[in-house]
Amino acid sequence: MLYQQIKPFPNEFLWGGSTSAYQVEGAWNKDGKGLSVIDMCDHPAGTADFTVASDHYHRFREDVKLFAELGLKAYRFSIAWTRILPSGTGAVNEKGLDFYHQLIDELLLHGIEPIVTMYHFDLPYELEKTGGWNNRGTIDAFVEYGRILFEHYGHKVKYWLTINEQNTMILHPGAIGTPKGGRLPSSKELYQQNHHMFVAQGRTMRLFHDMLPQGKIGPALNMTSMYQATSRPADAIAAHNWETIRGWGFLDLSVWGRYNPLFWSYLQERGIEPVIEQGDMEDIQSGRPDLVAINYYSTATIAASIGDASDVTARAGDQQIMLGEQGVYRAAENPYTEKTKYGWVIDPVGLRLTLRKVCERYGLPILITENGIGAPDVLEADNTINDTYRIDFIEKHLEQIRLALTDGVDVIGYCPWSVIDVVSTHQGYGKRYGMIYVNRGEQDLKDLKRLKKKSFSWYQEVIKQNGRCIGNSDQAVTKE
């Protein structure tokens with residue numbers, strides 16, 4: 001398709017940035033905070049842990065001032081469940097409540113829209129000890145946690161996200177760390193956990209609409225498009241298999257409240273379908289999200305399964321890993337895309353394709369809550385960080401968002417990962433994502449000083465111009 005005119009970003013577009021509590025806050029055991037599963041993970045030797053992180057807990061006012069200087073219209077962050085409820089249930093920790101009141105108030109003072117993620121991988125460890133998401137009691141605990149958040153912050157916060165990357169937690173549980181003892185749940189356990197999360201999410205979204213009818217709430221999933229390796233029909237089937245199992249099977253439950261038939265057949269074939277109790281599907285369906293949030297980093301290329309163990313061959317890494325699955329699909333290489341240092345496919349056009357698919361399928365506003373490039377940023381002798389690769393990455397993705405807007409997709413905001421350096425789950429501070437540099441090493445905390453990277457001033461200008469500098473007139477006629 002050729003466009004003679006590319007649509008501009010909407011005037012109300014939410015130019016933002018993202019973080020998560022456990023990766024940015026630090027203060028892991030301060031002011032009454034309880035332990036989470038993240039705190040209890042076996043951590044890779046030689047890399048930074050999450051005890052101090054970027055010390056945002058103690059420096060949030062300084063950080064928000066920088067966010068305002070950057071020009072952010074929105075800040076997507078998560079609340080640590082164990083700051084509010086140290087044991088996951090029971091007595092509320094007033095100091096934890098107060099911290100997020102102060103953070104939200106500081107954001108509002110600077111004209112920044114808070115976007116709250118309720119749960120970003122960090123389940124309270126006390127709940128984990130009683131079975132975690134395998135235990136249906138965790139459903140009730142999450143709903144009560146939501147009620148407390150809505151009651152205390154609902155008059156200040158319009159945008160809410162329930163569970164971050166539920167599909168990552170289920171498909172690649174080791175991607176967020178290895179639990180003490182090293183045992184990961186079985187597939188049967190994982191899909192039962194998945195079902196319980198959807199029941200909890202549905203009930204929580206229903207409660208939200210009852211308590212805060214003017215607010216907006218939705219899921220936040222890691223979404224991507226799958227390319228078939230060749231024009232062979234078998235490759236097309238394999239690509240559809242994995243796109244459904246990895247993505248649509250999760251979003252269909254969130255939005256439509258029903259199991260995708262192919263997804264369910266896959267679960268039944270392997271004997272890993274969850275037990276569904278009376279009322280569960282009604283609870284899931286009652287959620288009815290107002291928006292869909294997506295985290296997008298890369299696409300994958302898929303070939304037909306050969307049917308033996310060679311199908312299970314890894315491509316890329318961390319949360320974007322493509323392992324292949326015997327009898328379902330095998331990972332393939334895409335000669336038309338580049339890769340990051342860490343093996344992640346760089347595919348800006350894939351973002352446009354993913355946005356179009358999500359829009360066509362669900363017809364809901366879309367908020368991009370993560371997108372970014374991790375790199376071993378270098379602090380030069382003159383205190384500059386020349387992250388031109390980050391500028392290039394984000395600019396190309398923003399160009400594709402403009403094209404998606406022109407395609408008719410309702411994209412309401414863009415919150416790249418991350419606005420400030422955070423602890424990478426596997427590479428510590430060796431792999432950085434932020435536009436604001438945090439001066440610390442893996443073990444050496446140094447002075448934790450905040451420094452603006454080259455991408456800071458670039459993104460500042462993008463926001464100032466409301467993206468008019470993205471996709472200039474010489475790019476106005478664009479082929480798909």
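- A side-chain donor from one of Thr299 and Asp347 sits under 3.5 Å from a side-chain acceptor of the other.
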Evaluate the criterion ring pair (Phe, Tyr, Trp, His ring centres under 6.0 Å) for residue pair Phe393 and His397; output intermediate values, then yes/no. CA-CA 6 Å; Phe393 181 95; His397 283 78; 4.1 Å; yes
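- Without hydrogens or angle criteria, Gln326 side chain to Gly307 main chain gives a donor-acceptor distance under 3.5 Å.
- Residue Lys95 qualifies as open at atom NZ: its count of foreign heavy atoms under 6.0 Å is 12 or below.
- Environment of CZ in Arg136: crowded, with over 12 heavy atoms of neighbouring residues, nucleotides or ligands closer than 6.0 Å.
- The backbone N or O of Gly34 sits less than 3.5 Å from a side-chain atom of Thr82, completing a donor-acceptor pair.
- Using bins of under 30°, 30° to 60° and over 60° for the plane-to-plane angle, the ring pair Phe121/Tyr22 lands in the tilted bin.
- Without hydrogens or angle criteria, Arg390 side chain to Tyr433 main chain gives a donor-acceptor distance under 3.5 Å.
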Walk me through it: do Glu25 and Lys33 pass the test salt bridge (charged side-chain N to carboxylate O under 4.0 Å, His left out)? CA-CA 12 Å; Glu25 286 180 1; Lys33 180 186 173 296; over 6 Å; no
Before you tell me yes or no, could you show the steps for Arg356 and Glu360 under salt bridge (charged side-chain N to carboxylate O under 4.0 Å, His left out), namely the whole-Å CA-CA distance, both residues' side-chain angles and the distance that decides it to 0.1 Å? CA-CA 6 Å; Arg356 283 162 56 150; Glu360 288 175 1; 5.2 Å; no
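- Within a 6.0 Å radius of NZ in Lys30, other residues, nucleotides and ligands contribute 12 heavy atoms or fewer.
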Could you give me the CA-CA distance, side-chain angles and deciding distance for Phe263 and Phe250, then say whether ring pair (Phe, Tyr, Trp, His ring centres under 6.0 Å) is met? CA-CA 9 Å; Phe263 185 46; Phe250 291 84; 5.6 Å; yes
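- The backbone N or O of Gln427 sits nowhere less than 3.5 Å from a side-chain atom of Thr47 that would complete a donor-acceptor pair.
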Would you check, one step at a time, whether the test ring pair (Phe, Tyr, Trp, His ring centres under 6.0 Å) holds for Tyr297 with Trp417? CA-CA 10 Å; Tyr297 289 94; Trp417 186 268; 7.7 Å; no
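- With a 6.0 Å cutoff to the six-membered ring centre and a 45° limit on the axis angle, Lys431 counts as a cation-pi contact of Tyr342.
- Note: Trp242 and Tyr329 have parallel aromatic rings, judged against thresholds of 30 and 60 degrees for the angle between ring planes.
- Open room surrounds CD on Glu269; 12 or fewer heavy atoms of other groups in view lie less than 6.0 Å from it.
- For Tyr414 and Phe13, the gap between ring centers reaches or exceeds 6.0 Å.
- Around CD of Gln268, the count of heavy atoms belonging to other residues, nucleotides or ligands within 6.0 Å exceeds 12.
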Step by step, would you call Tyr153 with Trp160 a ring pair (Phe, Tyr, Trp, His ring centres under 6.0 Å)? CA-CA 10 Å; Tyr153 308 123; Trp160 295 78; 7.0 Å; no
